[in-house]
K.L.:
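Here it is, the structure, as structure tokens.
Lettering of chains follows the sequences in order, A, B, ..., and the numbering in each one begins at 1.
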Amino acid sequence: MTQNGAGNLHKPLGLLAELTHRCPLGCPYCSNPLALEPRAHELDTATWARVFREAASLGVLQVHLSGGEPGARRDLVEITTAARDAGLYTNLITSAVGITNKTLAALADAGLDHVQISIQDSEEKSADHIAGYEGAYAKKRSLAAEVVRLKMPLTVNAVIHRANIERISELVDLALALGASRVEIAHAQYYGWALKNRATLMPTREQVQQAANVVEDLRRRLHGKIVIDAVIPDYYARFPKPCVGGWGHRSLNVAPDGLVLPCHAAQSIPGLEFWSVREHSLTDIWENSPAFNAFRGTAWMQEPCASCPRRDEDFGGCRCQAYALTGDAAATDPVCHLSPNHARVETLAAERDTAPYDYRRM
Amino acid sequence: MAENDIISSETRPLLGRGVRLVHNEAQGGWVLLAPERVFKTDPIAVEIVKRCTGEATIAAIVDDLASTYSAPRERILADVTALLRTLADKKLLEI
């Protein structure tokens, strides 16, 4: 292993293409940064096409066309075509608001491989309230039906928090009724807007335990009918999550303005130097950009991570969370019970607020 | 399990929509791409998956593999059935 940890480089498997930060919804747990990029800073169609070709030659297999709402881009069909032409597996991650049936049909013709639609709740009123958008729920159901009618595989993504955690079973039933082959039960991860709304969103430990039992039961009952993937609520975990499969290890993220990030929240860590696809090739960025090399390998780790037998399994957890909760991005992710800062996480998880959502707005 | 009933010798397996077998030099060989998932694929699985066209029956696939690789039919049948059941459980197969 070289000094910067780049001697043992894997090839990335997935690229998250954040085509825009524009979005009609205002979900209070949005994973986008608090400082959103305006439309004028967005990469153009030709640059995205070049990025996809470079990604394919770097070894990337799947591209996730995301945002913001990718449907806010008028060139979404051209962008999707370019990704398919580069040989990439194309996954559209959408709120469903702003994608018409006509656009969807054009995307299917362009070879779009898979569609993921977010659903905020199984109850319409609550769903629209969480999204901050009247009528969102109905639009989502309608587009989901169209995805299935066009015989494209559908995933339903449900972000879980205090307002909907009691309805996981109903959310999975809804995904089945919509014809989804896969559903993500994704507990909110507290970065960006979710961090801002944490005290309003955070469920109790008992609710989280009950939710885990419900998911286990559903998996047994629906085995072979629908795939249920769960993202754990890490404030209540014993060990940290292996965030993004390890920093600069398996995936990369291209922000709307062309900066390439090891994960979508990486800009929350001050002092990291990100490179842009406007000035560098993707391979150059993957191998040499300072931000990607900052936390590769294990040389950067402190105790208790440095000598931990799990250090190659969970990579010390999440760098952004370590920074957000301890002020040191190289610290052990404090959700780990071995972290000297773990008590702080328990205090934060216990904070409750019934304040209205601070909706994500540009 | 219910899957036992669906996979019979007359089943004509077909990869699900959104599931593709691709060769990628940078990733070191054949991989099966599916929604949000990537599966490394060993050489035996590749030969089986390539034959899941929706036209050939499982019996025909097993005969083909047994004669191509001069291997005992029972063993091939066990490999094919096990793989297809795994794929079906993961919703990667239309059967």
K.L.:
At their closest point, which heavy atom of A:V60 faces which heavy atom of B:Q27, and how far apart are they?
P.N.:
N-NE2, 4.5 Å
K.L.:
Taking all non-hydrogen atoms of both residues into account, name the closest pair between A:T90 and B:R20 and its distance.
P.N.:
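Heavy atoms only, the tightest pair is N-NH2, 4.4 Å.
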K.L.:
Which atom names give the shortest non-hydrogen contact between B:A26 and A:L58, and what distance separates them?
P.N.:
CB-O, 4.1 Å
K.L.:
Can you give me the closest heavy-atom contact between B:K91 and A:I226, atom names plus distance?
P.N.:
CD-N, 4.3 Å
K.L.:
Would you find more than 12 non-hydrogen atoms of other residues, nucleotides or ligands less than 6.0 Å from B:L14 atom CG?
P.N.:
yes
K.L.:
Quick one: CG on A:N91 to CG on B:L33, what's the gap to the nearest 0.5 Å?
P.N.:
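Output value for this atom pair is 11.5 Å.
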K.L.:
For A:G59, is there any backbone N or O sitting under 3.5 Å from a side-chain donor or acceptor partner on B:E25?
P.N.:
no
K.L.:
Which bit of A:L88 is near chain B, if near means a heavy-atom gap under 4.5 Å: side chain, backbone, both or neither?
P.N.:
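When you check distances to chain B, only backbone atoms of A:L88 fall under 4.5 Å.
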K.L.:
Tell me which of these, A:Q116, A:R84, A:E184, has more heavy-atom pairs under 4.5 Å with chain B than the rest.
P.N.:
A:R84
K.L.:
Atom NZ of residue position B:K50 - does it have more than 12 heavy atoms of other residues, nucleotides or ligands inside 6.0 Å?
P.N.:
yes
K.L.:
For A:L150, is it the side chain, the backbone, both, or neither that has a heavy atom closer than 4.5 Å to a heavy atom of chain B?
P.N.:
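The backbone, not the side chain.
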K.L.:
Does atom CZ of B:R75 have more than 12 heavy-atom neighbours from other groups under 6.0 Å away?
P.N.:
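No - once you tally the heavy atoms of other residues, nucleotides and ligands closer than 6.0 Å, there are 12 at most.
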K.L.:
With a 3.5 Å distance limit and no angle check, can you tell me whether A:Y89 reaches the backbone of B:R37 through a side-chain donor-acceptor pair?
P.N.:
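Checked: no pair found.
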K.L.:
Do you know which two heavy atoms are closest between A:I93 and B:E36, and how far apart they sit?
P.N.:
CD1-OE2, 4.4 Å
